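In what follows, a single structure is set out as structure tokens and then discussed.
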Amino acid sequence: MANIFTRIKDSIAADLHEALDHKEQKNPISVLNHYLRQCEAETEKVRKLVERQYLLKEEFNREYNEALHLAEKRKQQAEIALKAGETDLYEFAIKEQTHYEERVTRLNESRQQTNRQLEELEQKYEEMKHKLKDMHIKRMELMGRENMARAHHRMNKVVENNSYSTKAYSRFEEMEGYLDRLEHQVNTSYHRNTIDGRIAQLEKQLKNEETKTIS
């Protein structure tokens, strides 16, 4: 059982180290994703081993119960044959009883060992699931940090790089100038339209008053 987990651990370590050598400098999150996929695959393998161990446990229990039943059956048959004076039949039944009792002992040991292995597999599987979940959380944390690093890098590039920042700021200044001119045009139009409207209203009022005076 220990060899299975040793091979799993060595396989993961070898794949991870190879991936780190080639990709870590370029994209650490990509390496982490690759590592997580490997861990997910190994966790799935252990899950299948757990299922197989359950099936083995049930099979051993069935074989054990059957052998126990046949051993008891042959014991009763031997007693009947002995009472009936059937020596040959008695000896055959005793021989069969002994064979089944030996099988019961062997199967009992095997099923106990299977149960211990199943408990070990289940514990390892739960540990692997917890570690896998922790690594998924760690990936989200690292992705958040990487996003912040990229954002700061771009902002610093704008602020610190003279050629880039000059071009960027000139673009901002052009946009601000355009917005200022647009705002001025809107305000001028607003005031002009407001003044024109008021003057027109005053002219209308004056004409009305002149008309009333003449009449």
Side-chain angles (χ1 to χ4, degrees), residues 1-24 28-143:
M1 189 61 58
N3 291 335
I4 294 176
F5 295 106
T6 300
R7 290 198 299 271
I8 290 175
K9 183 179 70 176
D10 293 343
S11 175
I12 293 175
D15 291 343
L16 176 61
H17 291 158
E18 182 179 358
L20 286 173
D21 291 339
H22 291 87
K23 298 181 179 179
E24 184 173 19
I29 298 298
S30 176
V31 175
L32 181 57
N33 289 337
H34 173 75
Y35 181 39
L36 281 173
R37 286 193 295 270
Q38 293 289 326
C39 292
E40 288 170 350
E42 298 303 334
T43 302
E44 178 63 16
K45 291 178 183 178
V46 174
R47 185 190 67 79
K48 291 180 179 180
L49 288 174
V50 171
E51 290 182 353
R52 288 178 59 188
Q53 201 70 9
Y54 266 115
L55 295 176
L56 282 173
K57 175 185 175 180
E58 293 176 358
E59 186 67 22
F60 274 124
N61 286 334
R62 282 195 297 269
E63 292 290 343
Y64 171 81
N65 291 328
E66 182 180 358
L68 194 64
H69 169 72
L70 291 174
E72 183 63 26
K73 180 179 179 180
R74 290 292 186 263
K75 179 181 178 181
Q76 294 175 357
Q77 290 173 342
E79 293 174 353
I80 294 173
L82 182 61
K83 291 179 180 180
E86 295 289 338
T87 304
D88 293 341
L89 188 59
Y90 168 77
E91 291 178 352
F92 176 79
I94 287 293
K95 184 178 180 181
E96 285 283 295
Q97 177 189 349
T98 301
H99 178 78
Y100 284 123
E101 287 177 347
E102 290 175 352
R103 182 178 295 176
V104 166
T105 301
R106 179 181 177 183
L107 285 169
N108 189 46
E109 293 175 355
S110 295
R111 70 175 190 155
Q112 289 179 359
Q113 182 181 9
T114 301
N115 289 338
R116 290 193 297 269
Q117 291 172 342
L118 178 59
E119 290 178 0
E120 180 183 355
L121 274 173
E122 287 177 327
Q123 291 176 1
K124 292 293 184 182
Y125 179 55
E126 290 300 319
E127 290 176 8
M128 292 178 75
K129 287 197 296 182
H130 283 302
K131 289 181 179 179
L132 189 61
K133 175 61 71 174
D134 290 340
M135 284 189 288
H136 276 290
I137 295 173
K138 176 62 69 176
R139 177 178 64 174
M140 290 190 295
E141 293 173 347
L142 292 176
M143 288 176 67

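A quick note: this is a predicted structure, and the numbers were derived from the prediction, not measured.
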Heavy-atom pair with the smallest gap, counting every atom of Tyr100 and Ala67
CB-O, 3.8 Å
I'd like to know whether NZ of Lys131 has more than 12 heavy-atom contacts from other residues, nucleotides or ligands below 6.0 angstrom.
no
[atom1]/[X] to [atom2]/[Y] distance, rounded to the nearest 0.5 angstrom?
| X | Y | atom1 | atom2 | answer |
| --- | --- | --- | --- | --- |
| Leu118 | Thr114 | CG | OG1 | 8.5 Å |
| Lys129 | Cys39 | NZ | SG | 15.5 Å |
| Ile94 | Glu101 | CD1 | CD | 8.5 Å |
| Glu109 | Arg106 | CD | CZ | 9.5 Å |
| Leu121 | Arg52 | CG | CZ | 10.5 Å |
| Glu96 | Leu70 | CD | CG | 8.5 Å |

Side-chain heavy-atom pair Tyr125, Glu120 within 4.5 angstrom cut-off:
no
For a 4.5 angstrom cut-off between non-hydrogen side-chain atoms, does Gln53 reach Leu49?
no
In terms of side-chain geometry, is the basic nitrogen of Glu51 or Lys48 positioned less than 4.0 Å from the acidic oxygen of its partner?
no
Thinking salt bridges, do Glu119 and Arg116 make one under a 4.0 Å N-O criterion?
no
Under the side-chain hydrogen bond (donor to acceptor under 3.5 Å, both in side chains) definition, can you give me all pairs with a residue in residues 77-93, not counting sequence neighbours?
Arg74-Gln77
Do you see a donor-acceptor pair shorter than 3.5 Å between the side chains of Tyr64 and Glu59?
no
Is a side-chain donor-acceptor pair under 3.5 Å present for Asn108 with Arg111?
yes
How would you list, by chain and number, every residue that makes a salt bridge (Lys or Arg N to Asp or Glu O under 4.0 Å) with Glu44, sequence neighbours excluded?
Arg47
Could you tabulate the donor-acceptor pairs under 3.5 Å formed by side-chain atoms of residues 132-139, not counting sequence neighbours?
residue	atom	partner	partner atom	Å
His136	ND1	Arg139	NH2	3.2
His136	NE2	Glu40	OE2	3.0
Lys138	NZ	Glu141	OE1	3.4
Arg139	NH1	Asn33	OD1	2.9

